[in-house]
Amino acid sequence: MDCLFCNIAAGEIPAKTIYEDDLVMAFYDIAPAAPVHILVIPKPHIPSAAALTEKDAALVGHIFAVIARLAREHGFEEGFRIVSNVGALAGQSVPHLHFHLLSGRALAWPPG
Ligand code: 5GP
Ligand code: ZN
């Protein structure tokens with residue numbers, strides 16, 4: 001398996017894990033872009049949000065429920081951003097679906 005996030009999901013590469021269940025994992029980003037920077041991934045390999053289909057509806061719903069719970073537990077009440085980069089133009093560097101949770105500072109809009 002040569003996918004970094006599949007290896008993290010399998011426990012073969014260590015990560016600072018915050019939450020884990022059968023379907024998803026959340027861990028701290030190794031190069032934080034904000035005071036709090038969490039990555040939420042599905043355990044199954046999905047290359048990006050562009051590969052999602054109706055079959056993934058329950059999984060994606062679960063991911064967003066986990067994101068909402070993490071936001072409550074990590075004091076994001078002043079606001080936070082959910083980002084999923086798709087493809088080269090958006091700067092996706094790991095080809096396994098992931099959602100960035102960014103919080104702890106004011107976040108500019110539009111993004112760079
Ligand atoms: P992307 O650039 O694909 O949107 O996001 C990939 C993210 O994964 C980046 O923010 C990067 O810092 C993070 N990342 C890359 N390698 C590792 C790693 O080995 N461990 C962790 N925890 N994060 C990583
Ligand atoms: Zn993968």
Side-chain angles (χ1 to χ4, degrees):
M1 194 188 333
D2 64 356
C3 171
L4 174 63
F5 287 173
C6 281
N7 282 318
I8 287 178
E12 286 160 10
I13 291 177
K16 288 189 184 170
T17 303
I18 300 160
Y19 175 82
E20 182 173 11
D21 63 28
D22 288 347
L23 291 174
V24 314
M25 194 164 167
F27 51 89
Y28 287 109
D29 196 292
I30 204 167
V36 186
H37 188 168
I38 295 168
L39 298 174
V40 181
I41 66 167
K43 287 189 171 177
H45 182 82
I46 297 171
S48 79
L52 291 167
T53 71
E54 293 293 343
K55 289 197 301 293
D56 302 306
L59 175 62
V60 173
H62 179 60
I63 287 171
F64 274 80
V66 168
I67 288 172
R69 189 189 323 163
L70 291 174
R72 286 192 294 274
E73 290 174 356
H74 286 77
F76 287 6
E77 52 278 321
E78 284 190 88
F80 67 107
R81 185 167 293 164
I82 304 166
V83 176
S84 191
N85 295 315
V86 179
L89 272 184
Q92 184 181 5
S93 60
V94 178
H96 178 127
L97 177 63
H98 51 283
F99 296 88
H100 299 259
L101 307 190
L102 301 159
S103 191
R105 65 171 172 83
L107 298 164
W109 193 265

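Quick caveat: nothing in here was measured; it's all calculated off a predicted structure. Order of listing sets the numbers, starting from 1, for every ligand and every atom in it.
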Could you check whether the rings of Phe5 and Phe27 sit parallel, tilted or perpendicular, using 30° and 60° as the cut-offs?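 Ring orientation, 0 to 90° scale: perpendicular.
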
For ligand 1, which part of [X] has a heavy atom less than 4.0 Å away: the side chain, the backbone, both, or neither?
{"X": "Leu4", "value": "side chain"}
{"X": "Phe5", "value": "side chain"}
{"X": "Tyr28", "value": "backbone"}

Compare every heavy atom of [Y] with every heavy atom of [X], then report the nearest pair and how far apart it is.
{"X": "Pro35", "Y": "Gly104", "answer": "CG-O, 3.3 Å"}
{"X": "Ala15", "Y": "Ile8", "answer": "CB-CG2, 3.8 Å"}
{"X": "Gln92", "Y": "Val86", "answer": "OE1-CA, 3.5 Å"}
{"X": "Ile63", "Y": "Pro42", "answer": "CD1-CB, 4.0 Å"}
{"X": "Leu107", "Y": "Arg81", "answer": "O-NH2, 3.3 Å"}
{"X": "Arg105", "Y": "Ala33", "answer": "NH2-O, 2.7 Å"}

Please report whether ligand 1 has a polar contact with [X], defined as an N or O pair separated by less than 3.5 Å (distance criterion only).
{"X": "Ala15", "result": "no"}
{"X": "Val94", "result": "yes"}
{"X": "His37", "result": "no"}

Check each atom of ligand 1 against the heavy atoms of [X] and keep those under 4.0 Å away; list them by number with element.
{"X": "Asn85", "result": "4 (O)"}
{"X": "Ala31", "result": "12 (O)"}
{"X": "His100", "result": "1 (P), 4 (O), 5 (O), 7 (C), 10 (O)"}
{"X": "Gln92", "result": "3 (O)"}

Show, in sequence, the C-alpha distance, side-chain angles and deciding distance for Val40 and Tyr19, and conclude whether the side chain to side chain contact (heavy atoms under 4.5 Å, CB included) test is met. CA-CA 9 Å; Val40 181; Tyr19 175 82; over 6 Å; no

Who are the side-chain contact (heavy atoms from CB on, under 4.5 Å) partners of Ala51, not counting sequence neighbours? Ile46, Pro47

Could you pull out, from Asp29, Ile38, Leu39, the option with a heavy atom nearest to atom 11 (C) of ligand 1? Asp29

Could you pull out, from Thr17, Ile13, Ile30, the option with a heavy atom nearest to atom 14 (N) of ligand 1?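 Ranked by closest heavy atom to atom 14 (N) of ligand 1, first place is Ile30.
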
About how many Å separate CG of Asp29 and CD1 of Ile38, when rounded to the nearest 0.5 Å?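 If I round to the nearest 0.5 Å, the distance is 10.5 Å.
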
Can you measure from CG (Asn85) to CZ (Phe99) and round to the nearest 0.5 angstrom? 11.0 Å

What protein heavy atom sits nearest atom 2 (O) of ligand 1, and how far off is it?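 For this ligand atom, the closest protein heavy atom is Ser93 OG, 2.7 Å.
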
Which residue holds the protein heavy atom closest to atom 1 (P) of ligand 1, what is that atom called, and what is the gap in Å?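 Result: His98 NE2, 3.1 Å.
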
Distance below 2.8 Å from the Zn ion (ligand 2): how many protein N/O/S atoms qualify? 4

State whether the side chain of Lys43 and the backbone N or O of Asp21 hold a donor-acceptor pair below 3.5 Å, judged by distance alone. yes

Given the side-chain rings of His100 and His98, with only the six-membered ring counted for Trp, is the space between their centroids under 6.0 Å?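 Yes, the ring of His100 comes within the 6.0 Å limit of the ring of His98, centre to centre.
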
